[in-house]
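Here is the structure we will look at, set down as structure tokens.
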Amino acid sequence: MPGLATMETNTSASVSPVVSFDICETYASFLKNEELSAPLAAILALSKLIETSDAGTMLELVKALNDGAGALKASTSNPISLNAGCELFIAFVTLLPHDSASFSDLKLELVRQGQKYAAEALTYRDKIANLALGFIKDDSVILTHSYSRVVMKTLLRAHERKRISVYVTEARPRGLGLRTYEELTAAGIPCTVVLDSAVSYVMDKVDFVLVGSEAVVESGGLINAVGSNQIAIIAQAANIPFYALAESYKFHRLFPLSQYDLPTHTSNILSFPLSPGGNVASPQTTGATKSAHEKSSNADYIRRMTPEQIACNPGVDYTRPDLITLVFSDVGSLTPEGVSQYVVGMFAG
């Protein structure tokens, strides 16, 4: 299978400790594979940790895995998606029934199972695309947000068999919606970029909304690129279906009640400056060198947020389950209530 070469390790030899193992570097190397999302890269990094670990008991191994997961979470400002993978794999390790002759053999089996799961999980986007295809009618007009690999797979699959048109939000500040636009346009799909602030303007032209996910939480709610929540609110007000696509390895045992319960929320997000005008861009921070007269007379001049202002804004938000029509996953099309039941069952020991 393409893209799996970087995941192969020699599991025929006995497990031996490697003192120089760095789980963050290992995780980053797996992420270089465009097909691997953060949860799968985390699972493979933890599998590699087991392979290099000198733990002699299950208690020591689970501690090493939890320490490794903690290091991964500490290394990123948005640990939500990778944490879902860590949580899933550690639960698997602790619940796996086994009859291995030795603990060394058990560790080898855990490594094999982790790599096998990651390889199988790469097929989940195809399963989701085929499932969602049944809900996409000919001549559908679809609104999507930012960039999602599983959404892209679904839209390209739909384009093979049906006529579709797509509105895609710009998704500031990273502008990942422009990547979606470029790839859809290259594939021959009629596509138009919509300002994030114009979602309500375009909603009446849309048949349904289709978004990806960073994680689907225990309540059945969705964590995704910031702006997803307000799109869902507008869609519900306009009586437009809001569909989320999520691989089951993104199902997360997390129960936020609001935006401020997300692990990514810090006191700096949307905080006011200590001094008046502290967030106002200056020529030094924006790199601008034009005079005020030149700026006012130049039609090409556009005011932009500074990196400091962007840093004060959230990267993801939480969409409540009552705003979501269905979640399409490799385990089926689920209502938010169905997602909640599935997540609880995933971690039942």
Side-chain angles (χ1 to χ4, degrees), residues 3 31 33-42 78 80-82 84-85 121-133 135-136 140-159 164-187 189 191-194 196 199 206-217 221-232 235 241-252 264 314-319 323-331 333-334 339:
L31 272 184
N33 183 340
E34 281 286 324
E35 291 299 307
L36 290 177
S37 56
L40 293 184
N78 178 13
I80 294 172
S81 191
L82 77 85
L122 290 180
T123 68
Y124 289 175
R125 293 180 194 130
D126 279 309
K127 292 181 180 179
I128 294 169
N130 291 332
L131 181 63
L133 190 61
F135 289 77
I136 302 177
S140 287
V141 178
I142 304 163
L143 173 65
T144 190
H145 179 54
S146 191
Y147 183 88
S148 162
R149 283 168 287 203
V150 67
V151 169
M152 288 300 303
K153 176 79 72 174
T154 301
L155 293 175
L156 293 173
R157 182 69 49 82
H159 177 58
I164 61 170
S165 302
V166 180
Y167 288 111
V168 55
T169 57
E170 185 181 10
R172 289 191 180 188
R174 297 175 66 191
L176 288 179
L178 298 178
R179 178 181 175 183
T180 300
Y181 168 79
E182 291 167 359
E183 293 187 13
L184 292 179
T185 301
I189 299 175
C191 188
T192 293
V193 179
V194 177
D196 296 334
V199 168
V206 170
D207 291 309
F208 60 88
V209 179
L210 194 68
V211 300
S213 61
E214 291 263 339
V216 179
V217 298
L222 175 73
I223 299 174
N224 195 40
V226 67
S228 300
N229 180 51
Q230 63 192 28
I231 293 174
F242 183 95
Y243 299 133
L245 307 181
E247 302 93 325
S248 57
Y249 53 74
K250 291 182 178 177
F251 288 5
H252 195 356
T264 53
V316 296
D317 61 22
Y318 169 64
T319 302
L323 298 173
I324 301 169
T325 308
L326 283 175
V327 176
F328 295 110
S329 178
D330 49 282
V331 296
S333 55
L334 305 173
V339 169

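Excluded from the calculations below are hydrogen atoms, water molecules and symmetry mates; all remaining heavy atoms, backbone and side chain alike, are included.
Looking at Asp317, its side chain does come within 3.5 Å of a backbone N or O of Gly227 through a donor-acceptor pair. Proximity of a side-chain donor or acceptor of Arg174 to a complementary backbone N or O of Gly315 within less than 3.5 Å is not detected. Under the 3.5 Å distance criterion, the side-chain polar atoms of Asp330 are matched with a main-chain donor or acceptor of Ser248. With hydrogens and angles disregarded, a donor-acceptor distance shorter than 3.5 Å links the side chain of Ser228 to the backbone of Ala225. Judged by distance alone, the side chain of Ser148 and the main-chain N or O of Val151 form a donor-acceptor pair under 3.5 Å.
Inter-residue side-chain proximity for Val216 and Lys250 is flagged as unmet; no heavy-atom pair is nearer than 4.5 Å.
For the atom pair CG of Leu156 and CG of Leu184, the computed distance is 6.5 Å after rounding to the nearest 0.5 Å. To the nearest 0.5 Å, atom CG of residue Leu222 and atom CD1 of residue Ile324 are 5.0 Å apart. Note that CD1 of Ile128 is 9.5 Å distant from OG1 of Thr123, once rounded to the nearest 0.5 Å. Distance check: Tyr147 OH to Glu182 CD gives 10.5 Å after rounding to the nearest 0.5 Å. The OG1 atom of Thr154 sits 4.5 Å away from atom CG of Leu245, with the distance rounded to the nearest 0.5 Å. Atoms CG and OG1, from Leu155 and Thr180 in turn, are 8.5 Å apart once rounded to the nearest 0.5 Å.
Each of Arg157, Arg125, Glu183 was checked for a side-chain contact (heavy atoms from CB on, under 4.5 Å) with Met152, and the lone residue meeting it is Glu183.
Residues forming a side-chain contact (heavy atoms from CB on, under 4.5 Å) with Leu334 (at least two apart in sequence, or on another chain): Phe251, Val331, Val339. Taking the side-chain contact (heavy atoms from CB on, under 4.5 Å) definition, one finds that Phe135 meets it with Tyr243, Leu326, Phe328, sequence neighbours left out.
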Q: Apply salt bridge (Lys or Arg N to Asp or Glu O under 4.0 Å) to Arg149 and Glu34, showing your working.
A: CA-CA 9 Å; Arg149 283 168 287 203; Glu34 281 286 324; 5.1 Å; no
Q.
Go through it in stages, so that I can follow the logic: the residues are His252 and Ile223, the test is side-chain contact (heavy atoms from CB on, under 4.5 Å), and I'd like the CA-CA distance, side-chain angles, deciding distance and then a yes or no.
A. CA-CA 10 Å; His252 195 356; Ile223 299 174; 5.7 Å; no
Q: Please test Val209 against Thr325 for side-chain contact (heavy atoms from CB on, under 4.5 Å), starting from the C-alpha separation and ending with a verdict.
A: CA-CA 10 Å; Val209 179; Thr325 308; over 6 Å; no
Q | Test side-chain contact (heavy atoms from CB on, under 4.5 Å) applied to Phe208 and Ile142, step by step | A | CA-CA 6 Å; Phe208 60 88; Ile142 304 163; 3.4 Å; yes
Q: Output, in order, the C-alpha distance, side-chain angles, deciding distance and verdict of side-chain contact (heavy atoms from CB on, under 4.5 Å) for Val150 and Glu247.
A: CA-CA 8 Å; Val150 67; Glu247 302 93 325; 4.0 Å; yes
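Between Thr185 and Cys191 the shortest heavy-atom distance is OG1-CB, 4.0 Å. Across every non-hydrogen atom of Ala121 and Leu40, the tightest pair is CB-CD2, 3.6 Å. In terms of heavy-atom proximity, Phe242 sits nearest to Ile231 at CE1-CG2, 4.1 Å. Ala84 and Tyr249 get closest at one heavy-atom pair: CB-O, 3.7 Å. For the residue pair Val327 and Ala246, the shortest heavy atom distance occurs at CG1-CB, 4.3 Å. Closest heavy-atom contact between Ala232 and Thr319: CB-CG2, 3.5 Å.
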Please list every donor-acceptor pair under 3.5 Å in which a side-chain atom of residues 164-172 meets a protein atom from a residue at least two apart or in another chain.
residue, atom, partner, partner atom, Å
Thr169, OG1, His145, ND1, 2.6
Thr169, OG1, Ser146, N, 3.3
Glu170, OE1, Arg172, NE, 3.1
Glu170, OE2, Arg172, NE, 3.3

